[in-house]
Number of protein chains: 2
Amino acid sequence: MKLKIKDVATAAGVSPATVSKVLTGQEVAYAINAATAERVRRVALELGYVPDAAARNLRTGRTGQLGVVLAATSPSEPVGELGELNAAAALRRTFDGAILAGLGEAARQHGVPALVVYPEGPEGEAARFLDGRIDGLLVSRDPLRPHQLLDHLDPQRLPLVALWTQQTPDAVGHVDADHRGGTRLATEHLLRLGHQQIVYYGAGREGPEHFALREQGYQDAMRAAGLGGGIQRTHASGRLVSLVEGGCTAVVAETDLAAAAVARTLNVAGLRVPQDVSLVGFDDMVGAEFIAGGLTTVYHPAAEMAAQGVVTLLARLAGHPPERLLVPTRLVVRRSTAPR
Amino acid sequence: MKLKIKDVATAAGVSPATVSKVLTGQEVAYAINAATAERVRRVALELGYVPDAAARNLRTGRTGQLGVVLAATSPSEPVGELGELNAAAALRRTFDGAILAGLGEAARQHGVPALVVYPEGPEGEAARFLDGRIDGLLVSRDPLRPHQLLDHLDPQRLPLVALWTQQTPDAVGHVDADHRGGTRLATEHLLRLGHQQIVYYGAGREGPEHFALREQGYQDAMRAAGLGGGIQRTHASGRLVSLVEGGCTAVVAETDLAAAAVARTLNVAGLRVPQDVSLVGFDDMVGAEFIAGGLTTVYHPAAEMAAQGVVTLLARLAGHPPERLLVPTRLVVRRSTAPR
DNA sequence: CTGTTAGCGCTTTCAG
DNA sequence: CTGAAAGCGCTAACAG
């Protein structure tokens, strides 16, 4: 049967309490005798003793586990529908994968036993199920649609850190990628290449939080270059083509997927990337290498962001005030941009 | 403070034992009085009582949680290196994301409270940390490299189901995509289009398990079509070009990434897809739409596979014998294949 | 420095 | 059909 702390105690000739003290390795007022501690550790290792998590959790009131709520990917949004361009859902899974990779790795490095993952579901459900299972929660919201999970959780009872958003209540920290800085980088790159008439392709302010930020980054760069008057945005292919015919030589797209659409539109209109138009995307999604012969884009640091999320949450658990962090992006230059 | 079962009991005018019986909703020899049960449920809901997971786990010896070990994505393999084609790591994360999405959704549907995720680490580490935290474990191995985690776990003590492999010990069930059937579908599609000289591009039998299976599927289709003598494989670009010049009109690539490499090679040699050569990939990765103008490929059902993994593991927990399942793939026809 | 004791919150016999 | 009592395995006070 499974070993109990008492078995180890007997084998080592000490009391269960001593074993506990040695194994938890905590700071005690009066330390444990080094020889005793060593003996206990050796015996525990030899016997292969592993403390029972449930008992420990019950006693201490903590679990040493962190929770993550991932944005739901509903089954009604299949990935890779026959012949159809619906990479958006797949893309979200890519980010989920990167986020999990980042979270998991960081958790391990920081000695957190495990991550409890819960897919977003009916409001409050996650809160109820996770209650008592975790010490703190990371909420990875889907930037493409709002959700109210944060409203259903009490940050006083359960320390919270939100990922992938910059809009959180005071008691909730957050970690997001620096979307605004990213498009700024992209636009500056085009400016450096001599482009002046640069159009932003995207939903912009009318879109979700991140898209609004991305457009602002473009505007920041344009204004800083004294081209504030030339700020243009469209999400209509027809308009884009006429803008290019009217002298625009570069496009900043709000996502790689949008960039792919732009590339296709330009191609149909007989315009070549990058000879006629330079094109920059955002996300550096899997497959960006294949868009427009190799898309220059902004790397979205999902894994890094997630790792920061763990750090931030652990700091929160240690009593530090909520932090608000932006993880820097970086430009990935490929072949879709060229000097004017 | 947090509510205890006793508080509910007092409020409902019954004993804690009764509350427990009602709330766990188990089959008891003599049922609970319907009115009492109803009253207890109502009170519990009104008060917002949630049973303490740790206490319950300790008492029952089960946790209601399933674990998942994900293949490690080491930090030394950054995604999206500057300008470099290293989509492989990113691709794995895509699959991780799909797997998590599938697992999470299935777990929720089956009423499993949560998934505990642990990244693959030093041997035995996962086993030690997960001990006592979960009722069963899904091991998602990285098909690209062997690992010994399965050897460090005792399927008798912890029910195990492996994902993404078809080679597991007797006591361990597994769920994998039908790689062999997938390339068979792809090859049959080319045969139907009139192609006869079809070459397989990949590492094949010399590669990992899945790649060997994929090549076999190609061979199956060729043999079934009476073209067993024309079976050809290469992983060398130069050789591929000369094969095409020698009359080969179609290529089955072992992955979408490989297909992208093929497309590039053919392009450089002045050959067009699909006019000169038809090309089929495997995985339907994010971005496959952009390879060779829209890659015809085999959809890799990662999410479906993961969902099956949960079902299989739950069956295992219910006492059923280990299952071995293959989840069917399906062909996604785009624009990289054409009649001969 | 080490051992004894009590009890975390729940479920489950076993009596009533 | 319901309640009383015991105890899951561990840790934290408090004695020694």
Side-chain angles (χ1 to χ4, degrees), chain A residues 1-41 43-44 47-65 113 128-129 131-133 135 157, chain B residues 1-41 43-44 47-65 113 128-129 131-133 135 157:
Chain A
M1 265 319 297
K2 212 185 146 187
L3 280 138
K4 318 201 279 194
I5 199 170
K6 205 175 164 186
D7 301 323
V8 179
T10 314
V14 293
S15 76
T18 302
V19 176
S20 173
K21 279 171 199 155
V22 171
L23 263 39
T24 52
Q26 65 199 338
E27 310 289 322
V28 227
Y30 289 84
I32 301 280
N33 179 296
T36 314
E38 186 43 40
R39 180 157 40 91
V40 169
R41 257 189 287 271
V43 170
L47 266 48
Y49 168 72
V50 182
D52 182 86
R56 179 176 275 183
N57 295 348
L58 175 58
R59 182 60 232 231
T60 59
R62 283 172 297 103
T63 64
Q65 297 186 153
R128 195 164 57 256
F129 274 124
D131 196 286
R133 295 180 188 280
D135 296 342
R157 258 168 55 90
Chain B
M1 268 317 299
K2 214 187 144 183
L3 278 117
K4 319 200 280 191
I5 198 170
K6 204 175 164 187
D7 302 322
V8 179
T10 314
V14 293
S15 75
T18 303
V19 176
S20 172
K21 281 170 197 156
V22 171
L23 263 39
T24 52
Q26 65 199 338
E27 310 291 320
V28 227
Y30 289 86
I32 302 279
N33 179 297
T36 313
E38 186 44 41
R39 180 159 38 91
V40 169
R41 258 188 287 271
V43 170
L47 267 48
Y49 168 72
V50 181
D52 182 87
R56 179 176 275 183
N57 295 349
L58 176 58
R59 183 59 232 234
T60 61
R62 283 172 297 102
T63 64
Q65 296 186 154
R128 192 164 60 255
F129 274 125
D131 196 286
R133 295 182 187 277
D135 295 341
R157 258 169 56 92

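Every chain is numbered from 1, with letters handed out A, B, ... down the list of sequences. Source: prediction; values computed, not measured.
For Ala37(A) against Val22(A), the heavy-atom pair with the smallest separation is O-CG1, 3.7 Å. Scanning all heavy atoms of the two residues, the minimum distance from Gly64(A) to Asp135(A) falls at N-OD2, 2.8 Å. For the residue pair Val19(B) and Ala9(B), the shortest heavy atom distance occurs at CG2-CA, 3.6 Å. The nearest pair of heavy atoms linking Leu23(B) to Tyr49(B) is CD2-CE2, 3.5 Å. The shortest heavy-atom contact between Arg133(B) and Ala53(A) is CG-CB, 3.8 Å. Across every non-hydrogen atom of Ala12(B) and Val43(B), the tightest pair is CB-CG2, 4.0 Å.
Remark: P of dG9(D) and CG of Asp7(A) are 10 Å apart, rounded to the nearest angstrom. The nearest whole Å value for the distance from the CZ atom in Arg62(B) to the P atom in dT11(C) is 10 Å. The nearest whole Å value for the distance from the NZ atom in Lys6(A) to the C1' atom in dC8(D) is 13 Å. When rounded to the nearest whole Å, the span between CD1 of Ile5(B) and C1' of dA6(D) equals 15 Å. What separates CZ of Arg56(A) from C1' of dC8(D) is a distance of 16 Å, to the nearest Å. Spacing between atom CG of Leu3(B) and atom P of dG9(C) amounts to 11 Å, rounded to whole angstrom units. Rounded to an integer number of Å, the gap from Leu23(A) CG to dT11(D) P is 8 Å.
Applying the side chain to side chain donor-acceptor pair (under 3.5 Å) test to pairs two or more places apart or on separate chains, those with a residue in residues 5-15 of chain A are Ser15(A)-Thr18(A).
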Please tabulate, one pair per line, each protein N/O and nucleotide N/O from nucleotides 6-8 of chain C that are separated by under 3.5 Å, including the distance.
residue : atom : partner  : partner atom : Å
dG7(C)  : N2   : Arg59(A) : NH1          : 3.0

Distances for protein N or O near nucleotides 13-16 of chain C N or O, under 3.5 Å:
none

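Distance CD/Gln65(A) to CG/Asn57(A): 7.0 Å, rounded to 0.5 Å.
Map Val50(B) and Ala37(A) each onto its nearest nucleotide of DNA chain C; the residue landing nearer the 5' end is Ala37(A). Between Asp52(A) and Pro16(B), it is Pro16(B) whose nearest contact on DNA chain D lies nearer the 5' terminus.
For Arg56(A), the side chain to side chain contact (heavy atoms under 4.5 Å, CB included) partners two or more places apart in sequence, or in a different chain, are Thr24(A), Pro51(A), Thr60(A). With sequence neighbours excluded, the residues forming a salt bridge (charged side-chain N to carboxylate O under 4.0 Å, His left out) with Asp52(B) are Lys2(B), listed by chain and number.
Taking 4.0 angstrom as the limit, Thr18(B) places none of its side-chain polar atoms (N or O) nearer than this to OP1 or OP2 of dT2(D). Between Tyr49(B) and the phosphate of dC10(C), there is a side-chain N or O to OP1/OP2 separation shorter than 4.0 Å.
Each end of the helix from dC1(C)-dG16(D) to dG16(C)-dC1(D) gets its own axis from five base pairs, and the two axes differ in direction by 40°, given to 10 degrees.
Taking the side chain as every heavy atom from C-beta outward, Thr36(B) and Val14(B) approach each other to under 4.5 Å.
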